[in-house]
Amino acid sequence: MSNRNKILFMIPYLLWIILFVILPILLILWYSLTNQSQQFTLANFELFFHNGTFLKMMLNSFWYAFLITFVTLLVSYPAAYFLTKMKNQQIWLLLIILPTWINLLLKAYAFIGILSNSGLANQFLQLFGIGPVNILFTDFSFIFVATYIEIPFMILPIYNAIKEINPVIIQASEDLGASKWQTFKYVLWPLSWSGVESGIQAIFIPSLSLFMLTRLIGGNRVITLGTAIEEYFLTTMNWNMGATIGVVLIILMVAVMLLTGSKIKRKKVDL
């Protein structure tokens, strides 16, 4: 393929990147560095880093994103491992992917019906003489629903990473006298780290900016940077402060990508 043809094929991609990635980021950056009179100022960033409310929102965002990612990884890794050992893997993969085809808003409203005081969860608990229990609008319900929605994005990369591991390597580790825990720690886990890394990025980064689930499932108890951005853009109409929070959120996401994308140094271990 000639250089001219390569350039022609790249034009749509470059236009897409410029129009829908670079320009929106530049626009957000412009709003964050100006006030409502369109004058240059750093007051928005000064307010963000000197206001305890914003710092608390940032810590909340990291904490909830960490919890969602940790719980998702805790469930997804064993599921992905056992999935590689099962028959009819394509059918099971399809069942895992199917929920992602349903609109997020529909899934959120479905869980509102399930977790409400008169929902299926409380009806089940009442069979054992428990309830009604206030499940909806709690930290538990928010983390549970967010984990359920994002689990496929953790299972799939881990499954692919484990699937690529040569079974002979695992057998060699066991033949050399390694226990199952040692095989997992020194062989399976390092070799599948690329999948874990991809899953963490696919879940932790979007979880930093969740706002729909925080409203519908978490109620007003779960306050993150995502909900703050929604509030400033749609309610108070202070786009400059909303853009400032957005810039901080983008910086945090890039930092997470750089940290999780670092390569693990190889080292010798004694079994």
Side-chain angles (χ1 to χ4, degrees), residues 56-84 86 92-93 95-102 104-116 119-122 124-125 133-162 181 184-185 188-190 192-227 249 252-253 255-257 259-261:
K56 184 179 179 181
M57 288 180 185
M58 186 167 62
L59 291 175
N60 278 345
S61 298
F62 265 97
W63 175 241
Y64 284 116
F66 169 77
L67 286 178
I68 293 168
T69 306
F70 177 75
V71 174
T72 305
L73 178 60
L74 205 62
V75 175
S76 299
Y77 198 98
Y81 176 78
F82 287 114
L83 188 59
T84 61
M86 297 176 66
W92 289 105
L93 284 173
L95 293 176
I96 292 171
I97 296 172
L98 272 177
T100 64
W101 298 355
I102 302 173
L104 177 61
L105 188 61
L106 291 177
K107 287 188 282 190
Y109 277 110
F111 273 106
I112 290 175
I114 293 171
L115 301 177
S116 64
L120 292 176
N122 269 302
F124 176 77
L125 291 176
V133 180
N134 185 25
I135 304 175
L136 195 61
F137 303 139
T138 61
D139 289 352
F140 168 79
S141 63
F142 170 66
I143 294 170
F144 176 80
V145 174
T147 299
Y148 165 80
I149 290 173
E150 295 181 350
I151 267 182
F153 304 105
M154 181 71 82
I155 290 180
L156 292 178
I158 295 176
Y159 167 81
N160 290 329
I162 296 176
W181 167 249
F184 168 76
K185 182 178 180 181
L188 186 60
W189 177 260
S192 62
W193 173 250
S194 61
V196 175
E197 183 180 81
S198 299
I200 290 174
Q201 290 180 350
I203 291 176
F204 189 92
I205 293 175
S207 296
L208 285 173
S209 57
L210 284 175
F211 70 93
M212 184 186 297
L213 293 182
T214 57
R215 293 291 192 191
L216 297 177
I217 305 298
N220 293 324
R221 298 187 71 261
V222 180
I223 305 297
T224 63
L225 291 179
T227 55
L249 192 57
L252 293 176
M253 290 178 176
V256 171
M257 287 187 65
L259 289 173
T260 55

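Keep in mind it's a predicted model, so treat the numbers as computed, not measured.
Within the model, atoms CZ of Phe142 and CG of Leu136 stand 12.5 Å from one another, a figure rounded to the nearest 0.5 Å. Separation of atoms CD1 (Ile203) and CD (Glu150) is listed at 5.5 Å; rounding is to 0.5 Å. Here the CG-CG distance, from Leu115 to Asn122, works out to 8.5 Å after rounding to the nearest 0.5 Å. Between the CG atom of Leu156 and the CD1 atom of Ile151 there is a distance of 11.5 Å, given to the nearest 0.5 Å. Here the CD1-CD1 distance, from Ile135 to Ile217, works out to 12.0 Å after rounding to the nearest 0.5 Å. To the nearest 0.5 Å, atoms CD1 (Ile200) and CH2 (Trp193) are separated by 4.5 Å.
More than 12 heavy atoms of other residues, nucleotides or ligands sit less than 6.0 Å from atom CZ of Phe137.
Qualifying ring-ring contact (aromatic ring centres under 6.0 Å, His included) partners for Trp181, counting only residues two or more places apart in sequence or in other chains: Phe184. Every residue two or more places apart in sequence or in another chain that forms a side-chain contact (heavy atoms from CB on, under 4.5 Å) with Pro157 is listed here: Ser198. Applying the side-chain contact (heavy atoms from CB on, under 4.5 Å) rule to Leu59 yields no partners; only residues at least two apart in sequence or on another chain are considered. Ser61 pairs by the side-chain contact (heavy atoms from CB on, under 4.5 Å) definition with Leu208, Thr224, Leu225, not counting sequence neighbours. With sequence neighbours excluded, the residues that form a ring-ring contact (aromatic ring centres under 6.0 Å, His included) with Tyr148 are Phe111. Partners of Ile205 according to the side-chain contact (heavy atoms from CB on, under 4.5 Å) rule, which considers only residues two or more places apart in sequence or in another chain, are Gln201, Met253, Val256, Met257.
Closest heavy-atom contact between Met212 and Leu105: SD-CD1, 3.7 Å. The two atoms that bring Thr147 and Ile143 nearest to each other are OG1-O, 2.6 Å, heavy atoms only. Contact between Ile155 and Ile96 at its shortest, heavy atoms only, is CG2-CD1, 4.0 Å.
Among residues at least two apart or in separate chains, side-chain hydrogen bond (donor to acceptor under 3.5 Å, both in side chains) pairs with a member in residues 133-142 are Tyr64-Asp139, Thr138-Ser141, Asp139-Arg221. Counting only residues at least two apart or on different chains, no salt bridge (charged side-chain N to carboxylate O under 4.0 Å, His left out) pair has a member in residues 67-77. The salt bridge (charged side-chain N to carboxylate O under 4.0 Å, His left out) analysis of residues 61-83, with sequence neighbours excluded, yields no pairs.
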message: Checking Phe204 against Phe70 for the side chain to side chain contact (heavy atoms under 4.5 Å, CB included) test, could you report, in this order, the C-alpha distance in whole Å, the side-chain angles of both residues, the deciding distance, and whether it holds?
response: CA-CA 9 Å; Phe204 189 92; Phe70 177 75; over 6 Å; no

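Using a 4.5 Å heavy-atom cutoff, the side chains of Leu216 and Val145 are not in contact.
A distance-only check finds a donor-acceptor pair linking the side chain of Lys107 to the backbone of Pro99 [under 3.5 Å].
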Side-chain polar contacts of residues 71-83 - donor-acceptor pairs under 3.5 angstrom, sequence neighbours left out - could you list them?
| from | atom 1 | to | atom 2 | distance (Å) |
| --- | --- | --- | --- | --- |
| Thr72 | OG1 | Ile68 | O | 2.5 |
| Ser76 | OG | Thr72 | O | 2.6 |
| Tyr77 | OH | Ser192 | OG | 2.6 |

